[in-house]
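Just so it is clear: chains get the letters A, B, ... in the order the sequence lines come, proteins before strands, and each one is counted from 1.
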Amino acid sequence: MFWRMIFKTLARQKSKMLMIAFTVILGVSLSTAMMNVMLGVGDKVNRELKVYGANITVRHKDAALMSDLYGLTEGLGVNDKFLYEEDIFKLKTIFWGFNILDFVPMLDGHAILSVKGRAGIVGDVSIFGTWSEKHAILSTGEELSTGLKSLRTWWDVKGEWIGENENDAVMIGHLLATQNKIHVGDAITLSNNGVIKNYIVKGIYNDGGNADDKILMTLPAVQELMVLQGKISSIEVSALTTPDNDLARKAAQDPKSLSPDEYETWYCTAYVSAICHQIQEVIRDGVAKPVRQVAESEGTILNKTTLLMILITILSSIGSALAISNLITASVIERSQELGLLKALGAYNWQIALLVLLEVMITGLFGGILGYFLGIGFAQIIGQTVFGSYIEIARMVILIVAVILFFVTLLGSVPAIRYLMALKPTEVLHGK
Amino acid sequence: MSDKILELKNVSKIYGSLKALADINLSVNAGDWLSIMGPSGSGKTTMINIIGCMDTPSLGNVILDGVDISKENAANLTRIRRNKIGLIFQQFHLISYLTAVENVMVAQYYHSMPDEEEAMEALAKVGLQDRAHHLPAQLSGGEQQRVCIARALINSPQILLGDEPTGNLDEENEAIVVDIFRRLHDEGVTIIIVTHDPEVGDVAQRKIILEHGKIVNDIDQSATFGEALKLRN
């Protein structure tokens, strides 16, 4: 009888129940979309933030010490300390290897520049060798495609980037090029300690920073010019990271201060400090340090994005609860004679409250299921529009949405239930 | 049948400065058929609400089947009402989306267990077995009131309480309903009816006249009771 009454009521109040279901669909779809985006957005936002460059640099431990103690970025004790080129690919073997998206070696040096066809020399200039583009197949079988092109997406390049194996081509920073009237296609000569090499200027780049008065070359070209085969000064790493929390901050101070459980949690979470720690385990004499501005910006933006989505979810839930509350209260007031009659026939308050609640819950469940699938669709639209890729569906969202839906429906029903409790059969049954 | 089923002792109901009922004393024996009459505002509905356990008196005691219910809370009154009282309303108050038999079963559901067979028997008792699966909107006013009576009877209440049960009926349906009351009275059901209709009031065994919340007349119609019934027939 109970279920017969519920289903007949639902059928009879089709339009009102559809309005409630529609409200739930809107609320749940928004919550589902926001939560799926929120849970899947970490990597997406991080990937977007990769345009700001590397978030970790690896240097020789002595060079890092000189930098930390005296702020030195070149000179003795810095420029003469090198990492091994052969260690670079080990970066992809660490626990969080898959989170390392791009990495490039850097070899810094100086050379004497002269421009062909012009008398005299320009002078001593800074040069750096790296991978503009690098394609390799790792020992694990993974195909690697990285290079400075991926880490300097903001560069404005006139001409072209130098190719992977173009050891006789260079790119010149636009300040150096402007000051010395060097153009794309010009031939230049670089010499260092008796080694003299000729190069063609393939491109002029505008970095907007320190690199604008430098010359970019391939790594082998600089190694040859500097006679430093197999050596590199530093490695720039771009990794997907998780925003720091107290544990990460504690570990960043000293990983040995962690308890075994804390250490395991920290090590198995993609905190920038954990990734740095793991990089140091594979790069001989290397010290990995986060580029704080980038790493912290990523964390801040990610936290704020997450907060924004939580707020949207909360606001949409409150909105749904208010709308449901109005609709249920209106429905109950409209049915006050019927519900008063049930009281007169001997129904307890809780029995009538249960009847109304179940009607709303069934409608809510129906709306919730539709809203969930609609929300997944919204999440994919957001994923495609904002991040250009699909958002992975998190199963835990089903549980969270179910709990939110239950409480939103319950809270939305409170005014109606209060009205029901106070309803006196004598007030609604003797209308004449 | 002389056992007291209901006793009102010095019952008053006061709303602010208004005394809807003033010091009412009334005894009803099991199996009695009582009509309560009086002009609008005389306190008839207040009295039926108190007897029907839908309200409590401000002063005095209401003894129903030997139990004082005047100080009971709402939940206890609900329990007592569903076990002891059958309610009939002027406007029938059938649930519009349930069929006649389902309307009867609702009262069973809140009393104990719904039993369709038993509900059909109750409808047969009021001559509506053929209309059991019709919705209220498909029934005439008289038929709806008979469903209401079947619903009131389904849990075998000790008192059948009617608030203007013939108020919305034409003469023919009024006669049918009164005839059902007569048969129920013959079966020993205690009937208390509030009515404006002198003919319906006259049919009862005893007639109470209320004015300004007071019983101004308590007329024993036992002598003419049979005659009145015959008149109705």
Rounded to the nearest 0.5 Å, how far does NE2 of B:H93 lie from CG of A:L345?
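Answer rounded to 0.5 Å: 10.5 Å.
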Between atom CD1 of B:I95 and atom CZ of A:R335, what is the distance when rounded to the nearest 0.5 Å?
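One finds 9.0 Å between CD1 of B:I95 and CZ of A:R335.
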Should A:K424 and B:M54 be marked as a side chain to side chain contact (heavy atoms under 4.5 Å, CB included) after you check the CA-CA gap, both sets of side-chain angles, and the distance that decides it?
CA-CA 8 Å; A:K424 288 184 177 166; B:M54 290 185 283; over 6 Å; no
Does [X] [atom1] have over 12 foreign heavy atoms under 6.0 Å away?
| X | atom1 | result |
| --- | --- | --- |
| A:Y419 | OH | yes |
| B:K9 | NZ | no |
| A:M17 | CE | yes |
| A:K14 | NZ | no |
| A:R418 | CZ | no |
| A:F7 | CZ | yes |

Between B:T78, B:N83, B:I85, B:D55, which has the largest tally of heavy atom pairs under 4.5 Å with chain A?
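Counting heavy-atom pairs under 4.5 Å, the top option is B:T78.
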Chain A contacts: which residues in residues 102-122 of chain B have a non-hydrogen atom closer than 4.5 Å to it?
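Listed by number: B:E102, B:M105, B:V106, B:A107, B:Y109, B:Y110, B:P114, B:E116.
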Non-hydrogen contacts under 4.5 angstrom with chain A: give the residues of residues 124-160 of chain B involved, or none if there are none.
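Under the 4.5 Å heavy-atom cut-off, B:R151 qualify.
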For B:Y97 and A:Q13: C-alpha separation, side-chain torsions, deciding distance, then whether side chain to side chain contact (heavy atoms under 4.5 Å, CB included) applies.
CA-CA 10 Å; B:Y97 53 88; A:Q13 298 199 107; over 6 Å; no
Indicate the atoms forming the closest heavy-atom contact of A:Y348 with B:A75, along with that distance.
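Minimum heavy-atom separation between A:Y348 and B:A75: CE2-O, 3.3 Å.
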